[in-house]
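What you see is a predicted model; the values in this text were computed from it and never measured.
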Amino acid sequence: MPHADSEAGILWAEYELPTGLSEGFHFIDGWTYYVQESGYLLKDSSIGTLTFDANGRFTSGDAALDKLVADILKTMIAENPDKDRYELLYQAHLYCRDSFKYLRRYVDNPAFGTNGWEIENATVMFTTGRGNCYNYAASFWALARALGYDARAVSGTCTGTNQPHGWCFIEFDGKDYIFDCEWEMAYRERGVFDKNMFKVPKEKWSFWTYRWKK
């Protein structure tokens, strides 16, 4: 016999069941989900600035970029099955550092202190494999956020000559850290391999004279 509708008029078969997964972020085929304490997926809601759609998937707001990121993360996670989410963040840093070619651009770069340029710049980098510091920053921003980190891409300046530059911030335990895969790539291309630009603490920022709109 077919089950009758509930009092609310919903078929019993349509009731959502708990996932059976622990609370937190989970990655399935490269897509990111968040399981609540109740065991149900977070849907049509946000954690900080991270948004999850009606299917429970993390979304940047751009379907094309989300698919590009999911494909990258699917491969990255398959190649690093034993790494936790923080270790995958470092793999994302290495991926952005090593997978692209630098392309110098003088036009259409984000103005100092602006945002809203991340999706376009990340998409360009993932589809062409070439870009400048803003593309590097945006690509890491996209991967980091898909891994569940509230990353912020920044358009500022660096060095004593106030050179326009893009990088990312992520907060850990109430403190901001800089993530700058493009600078690390540039060092390595010049034969300098002792500069680690992953999670740079505040006490080291002055070395590169980072400036941004606060």
Side-chain angles (χ1 to χ4, degrees), residues 16 19 21 23-36 38 40-77 85-86 88-93 95-97 99-100 103 105 107-156 164-172 176-182 212-214:
E16 183 181 5
T19 61
L21 299 172
E23 181 182 4
F25 292 96
H26 292 270
F27 309 104
I28 303 172
D29 288 333
W31 297 96
T32 304
Y33 301 84
Y34 186 81
V35 176
Q36 304 173 85
S38 63
Y40 291 90
L41 292 178
L42 181 69
K43 297 182 179 181
D44 282 328
S45 191
S46 299
I47 300 176
T49 64
L50 305 178
T51 300
F52 294 80
D53 65 16
N55 296 313
R57 288 178 173 177
F58 164 78
T59 177
S60 68
D62 185 279
L65 177 60
D66 292 345
K67 180 61 167 60
L68 291 168
V69 168
D71 288 343
I72 293 168
L73 289 184
K74 182 177 181 179
T75 299
M76 185 183 301
I77 293 170
R85 192 163 63 94
Y86 180 75
L88 289 173
L89 183 67
Y90 183 61
Q91 293 302 310
H93 173 82
Y95 177 87
C96 294
R97 185 194 73 184
S99 299
F100 309 120
L103 176 65
R105 290 162 41 195
V107 296
D108 298 327
N109 286 330
F112 182 91
T114 60
N115 50 30
W117 47 269
E118 300 90 343
I119 288 176
E120 179 181 357
N121 278 263
T123 301
V124 168
M125 186 65 109
F126 291 142
T127 55
T128 70
R130 295 166 63 84
N132 64 9
C133 59
Y134 301 103
N135 299 101
Y136 276 88
S139 61
F140 178 76
W141 169 88
L143 292 173
R145 289 176 65 80
L147 286 169
Y149 289 93
D150 213 344
R152 309 177 332 260
V154 177
S155 173
H165 188 56
W167 67 90
C168 287
F169 280 117
I170 300 179
E171 181 181 307
F172 290 86
D176 272 334
Y177 292 83
I178 282 176
F179 294 76
D180 196 340
C181 50
E182 190 272 338
W212 66 99
K213 186 176 181 180
K214 299 180 182 178

Please name all residues satisfying side chain to side chain donor-acceptor pair (under 3.5 Å) with [X], sequence neighbours left out, ordered by chain then number.
X: T51; value: S46
X: T49; value: R145, D150
X: T123; value: none
X: Y33; value: R57

Exercise for the section: Return the set of residues passing ring pair (Phe, Tyr, Trp, His ring centres under 6.0 Å) with F27 (not counting sequence neighbours), or none when no residue passes. Expected result: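 Applying ring pair (Phe, Tyr, Trp, His ring centres under 6.0 Å) to F27 gives none.
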Report yes if some heavy atom in the side chain of [X] is under 4.5 Å from a heavy atom in the side chain of [Y]; otherwise report no.
X: Y95; Y: F100; value: yes
X: I170; Y: L89; value: yes
X: F58; Y: F25; value: no
X: H93; Y: F140; value: yes
X: L143; Y: C96; value: yes
X: K67; Y: W31; value: yes
X: D180; Y: H165; value: yes
X: W141; Y: I119; value: yes

Exercise for the section: Step by step, work out the side-chain contact (heavy atoms from CB on, under 4.5 Å) result for F126 and S139. Expected result: CA-CA 7 Å; F126 291 142; S139 61; 3.6 Å; yes
Exercise for the section: Any chance you could lay out the side-chain contact (heavy atoms from CB on, under 4.5 Å) test for R152 and D176, step after step, and finish with the verdict? Expected result: CA-CA 10 Å; R152 309 177 332 260; D176 272 334; 3.0 Å; yes
Smallest separation among heavy atoms of [X] and [Y], with atom names:
X: A153; Y: W117; answer: CB-CH2, 3.8 Å
X: C181; Y: Y136; answer: SG-O, 3.7 Å
X: S155; Y: Y134; answer: OG-CE2, 3.7 Å
X: A122; Y: L65; answer: CB-CD1, 4.0 Å
X: V35; Y: L21; answer: CG1-O, 3.6 Å

Calculate, to the nearest 0.5 Å, the distance between atoms [atom1] and [atom2] belonging to [X] and [Y] respectively.
X: L147; Y: I77; atom1: CG; atom2: CD1; value: 6.5 Å
X: T59; Y: F52; atom1: OG1; atom2: CZ; value: 10.0 Å
X: Y40; Y: E23; atom1: OH; atom2: CD; value: 14.5 Å
X: M125; Y: L68; atom1: CE; atom2: CG; value: 13.0 Å
X: K43; Y: N55; atom1: NZ; atom2: CG; value: 7.0 Å
X: D66; Y: D71; atom1: CG; atom2: CG; value: 11.0 Å

Practice task
Go through Y90 and F179 one step at a time and tell me if the ring-ring contact (aromatic ring centres under 6.0 Å, His included) criterion holds.
Solution key: CA-CA 10 Å; Y90 183 61; F179 294 76; 9.8 Å; no
Practice task
Check whether any side-chain N or O of T114 sits under 3.5 Å from a backbone N or O of A111 as a donor-acceptor pair, and report yes or no.
Solution key: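 The answer is yes, because a donor-acceptor pair under 3.5 Å joins these two groups.
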Handout entry: Of all pairs that satisfy salt bridge (charged side-chain N to carboxylate O under 4.0 Å, His left out), the ones with a partner from residues 125-143, not counting sequence neighbours
Key = none
Handout entry: Over 12 non-hydrogen atoms of neighbours within 6.0 angstrom of CD in Q36
Key = yes
